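Everything on this sheet refers to the single structure shown next.
Nothing here was measured: the structure is a model prediction, and the numbers come from that model. All residue numbers in this chain count up from 1 along the given sequence.
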Amino acid sequence: MNAPRERESRPGGGGSSLHAANPIVLREAVEALADDLGWYEAGVMHGIAMGRQQVVDEWHAVRADGGRVARMIAQTEPYDQLADRRGQHDRAVAARALLAERGITPAVSA
């Protein structure tokens, strides 16, 4: 077993380590930490901005898709007319009755 080492006596340091007693080393360590935290914060802020942009882009894509679907639906024949064309007159009558019950009137094209 090794014998305990005696601490060196330093003026004003009272045996503390070299790094703790050296104000230049401490200042450099604090500056390095502040620099690292600055880079970290910049990365976090950049990540947040990228995430927000992604949400906005996805929202615009969903709206564009919804617009395409709405235009496609608006250009098709109403269900009751398609059912009549297929010979499903009972379905056509039921569809018209449901629309009338809900207060939906067919669009009249000019």
Side-chain angles (χ1 to χ4, degrees):
M1 184 182 264
N2 294 340
R5 298 167 109 192
E6 288 188 30
R7 290 184 154 178
E8 293 181 25
S9 173
R10 292 188 181 89
S16 60
S17 71
L18 175 64
H19 295 295
N22 190 338
I24 295 172
V25 172
L26 282 175
R27 188 184 76 226
E28 288 173 355
V30 169
E31 288 173 355
L33 179 62
D35 190 43
D36 290 345
L37 289 175
W39 281 105
Y40 176 78
E41 182 181 7
V44 167
M45 298 309 289
H46 179 69
I48 289 171
M50 287 177 59
R52 287 180 177 160
Q53 186 60 48
Q54 179 182 356
V55 168
V56 168
D57 293 344
E58 289 173 358
W59 182 76
H60 285 293
V62 167
R63 287 200 39 141
D65 289 344
R68 282 191 289 276
V69 169
R71 284 187 296 278
M72 179 187 71
I73 291 172
Q75 294 172 355
T76 60
E77 282 187 68
Y79 177 74
D80 60 336
Q81 291 177 12
L82 292 174
D84 271 336
R85 242 185 16 200
R86 288 189 298 243
Q88 300 170 329
H89 303 293
D90 53 338
R91 282 190 172 187
V93 170
R96 287 185 194 106
L98 181 64
L99 292 174
E101 177 184 315
R102 294 184 179 173
I104 302 171
T105 58
V108 178
S109 57

Practice problem: Check the surroundings of atom CZ in R91: do more than 12 heavy atoms from other residues, nucleotides or ligands lie under 6.0 Å from it? | Solution: no
Quiz item: Within a radius of less than 6.0 Å around CD1 of I48, do more than 12 heavy atoms belonging to other residues, nucleotides or ligands occur?
Solution: yes
Side chains of residues 63-73: which donor-acceptor pairs under 3.5 Å do they make with residues two or more places apart or in other chains?
unit_1 : atom_1 : unit_2 : atom_2 : d
D65    : OD1    : R68    : NH2    : 2.1
R71    : NH1    : G67    : O      : 3.4

Exercise. Write down the atom of D80, the atom of A95, and the distance for their closest heavy-atom approach.
Key: CB-CB, 4.1 Å
Quiz item: Looking at D84 and H89, what are the two nearest heavy atoms and their distance?
Solution: OD1-ND1, 3.0 Å
Self-check item: Qualifying salt bridge (Lys or Arg N to Asp or Glu O under 4.0 Å) pairs with a residue from residues 34-59, counting only residues at least two apart or across chains
Solution: none
Practice problem: Only counting residues at least two apart or in another chain, list the ones meeting side-chain contact (heavy atoms from CB on, under 4.5 Å) with R102. | Solution: L98, I104
Quiz item: Which value, rounded to the nearest 0.5 Å, describes the distance between H46 atom NE2 and W39 atom CH2?
Solution: 11.5 Å
